[in-house]
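Just so it is clear: chains get the letters A, B, ... in the order the sequence lines come, proteins before strands, and each one is counted from 1. Hydrogens, waters and symmetry mates play no part in the numbers below; they use all other heavy atoms, side chains included.
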There are 2 protein chains.
Amino acid sequence: MEESIILAVDGGATKTTLTVRTSSGKCLFEKTARGSNYQTIGETEAVTVLGQLLCDAYISAKVERIHVAVFAIAGIDTKADLEAVTHIVKQSLKRAPFIIEELLIENDGHSTLLGLVEGKPGALLIAGTGSIAFATDGNGKVVRSGGWGHRASDQGSGYWIGRQILQAVFKSEDGVLPPTLLKQLAFQQLNIYSIDELVAWLYQPHYTNALTASLSPVLNEAIMLGDEQALVIAQQATQELSLLVKSSLSKIEYGVAPFPLYLNGGILQHNSFILERLQELLRNAYPKISFNLCSERPIEYIAKRALL
Amino acid sequence: MEESIILAVDGGATKTTLTVRTSSGKCLFEKTARGSNYQTIGETEAVTVLGQLLCDAYISAKVERIHVAVFAIAGIDTKADLEAVTHIVKQSLKRAPFIIEELLIENDGHSTLLGLVEGKPGALLIAGTGSIAFATDGNGKVVRSGGWGHRASDQGSGYWIGRQILQAVFKSEDGVLPPTLLKQLAFQQLNIYSIDELVAWLYQPHYTNALTASLSPVLNEAIMLGDEQALVIAQQATQELSLLVKSSLSKIEYGVAPFPLYLNGGILQHNSFILERLQELLRNAYPKISFNLCSERPIEYIAKRALL
């Protein structure tokens, strides 16, 4: 039997990876370019990034027929997003004359979960700069909770933790909260020496949310040193993240069967306190849950999802 | 005795008012132009706005000698801000050959409080888009709490309340919180019909924080209708605002003497639940406190401050 060929794209806000592989896992092409989130760079630029990657793949991989192409794109959160990204993908595909038998365009977390569970039930919690949970019943139904973005929520994410750290530092400066080690540790990390410098850093002209999220590693350090405020923030983050998981599981009407929860993103990979407490909280609610820290790049899971 | 002449400027993010008055209160000139916050429009533009107003005042008011000029400018929060604004004001003054005997450059809230208390002790709580408290001992010492801006705090402000409303709506959508009337009321106000439309509204290209703050009036409506989530948010807001006031009062070592607290900004002017509960909370802590809702425009208080 001839091998089938898949094409998988992991399109994020900061980078985009495209790979062409055989069903047995042989890599025919892989390249990473800049981000392709149309909300950040606009539709025309998104077409340019994806179109160029597809062109390169067409020339290098030397295959014409693609069995399944999965475009797993960050920021597909509403029907309007899906329509916009579908248009972008179709425009991009005009630049490379692939014959594509099945074309899937999905939110990146959605694709990642399907690649992780490989047809079985399971859930995925991502707590990086933002936070979101996905769950699937193993029968094609995929649900999500959270992921509403930094302007309102993203509870338990790196951005949310960074905000809480800043709030604690400012409140402590006002005497509303007691002194906290978070101040010294944040100052150290930013190489600054005063609250005025912290304010200048926070309101710098080229501010992005990633800047606030970049403060989050300070939390674990402060916890190790026994800081009370850091502990409060970590407990809140854990509580919020556990609610996201519970919400997604209730949407697929999770029963009592054994069930893997995949964990990904900087907060879960690096904040051992949050990771351990979260497992504790969730194990109490779901005795048969198992935990798996994601160790591969998302593109690996997305490629697996294409092969399903 | 000859009357002295004052010049007062209320420089905000969206508009700038300049007035020239006599010490007996006669208005010789007043004009309002666009915002002069250099963090928003840049130093050159700020000089243009202030310089033009000063030019107009010089031509119209027909006075040369100014006893006291007060530039009460939003966004003077750090030493670096004060230096930048001082530079801007001095550049602007080159366009109008006033002879200024005393030049004061201050944060706008600081000036407003001094104009309100007219030399006596007192405090000012502002909860509009942002939140901040000022207190003075009546002997020239002025302290502040909060006002750290939307990127980390502004607890109890319109922006903060808008965020909490959005969080409650999204959490309720995820089933993490029970259904809330805040959803219907927010949809009504925005003239939308779905969560997808709410997300599109929140992440629109020309988003500003004022947009999130514009949701805050919905809170009072929901409270009147007995919504549990709205009540929780209002209680948190009240708690946060009371902490701001307490923090500022502790910085001036407030004792037990009678003491006015001036209240300003949309949240305190329009959210009766928060206003009443806040007064209750503060009266318990400071039995001799009195409350005064600010009824005049800030420029009136800033002009009074110049006459002190």
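More than 12 heavy atoms of other residues, nucleotides or ligands shown are found within 6.0 angstrom of CD on Gln204(B).
Of the listed residues Asp81(A), Ile165(A), Asn209(A), Asp174(A), the one with more heavy-atom pairs under 4.5 angstrom with chain B than any other is Asp174(A).
The two residues Asp196(B) and Asp77(A) make their nearest non-hydrogen contact at OD1-O, 4.3 Å.
When the heavy atoms of residues 143-159 of chain A are compared with those of chain B, the residues falling under 4.5 Å are Arg144(A), Ser145(A), Gly146(A), Trp148(A), Gly149(A), His150(A), Arg151(A), Ala152(A), Ser153(A), Gln155(A), Tyr159(A), listed by number.
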Checklist entry - Checking side chain to side chain contact (heavy atoms under 4.5 Å, CB included) for the pair Val176(B)/Lys246(A): CA distance, chi angles, key distance, verdict? => result CA-CA 8 Å; Val176(B) 164; Lys246(A) 288 179 184 178; over 6 Å; no
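Side-chain N or O atoms of Ser247(A) include none that pairs as donor or acceptor with a backbone N or O of Gly175(B) at under 3.5 Å.
Of the atoms belonging to Ile195(B), it is side-chain heavy atoms, and not backbone ones, that fall under 4.5 Å from chain A. In this structure, the portion of Glu240(B) lying under 4.5 Å from any heavy atom of chain A is its side chain and not its backbone.
Thr78(A) OG1 to Leu198(B) CG: the interatomic distance, rounded to the nearest 0.5 Å, is 11.5 Å.
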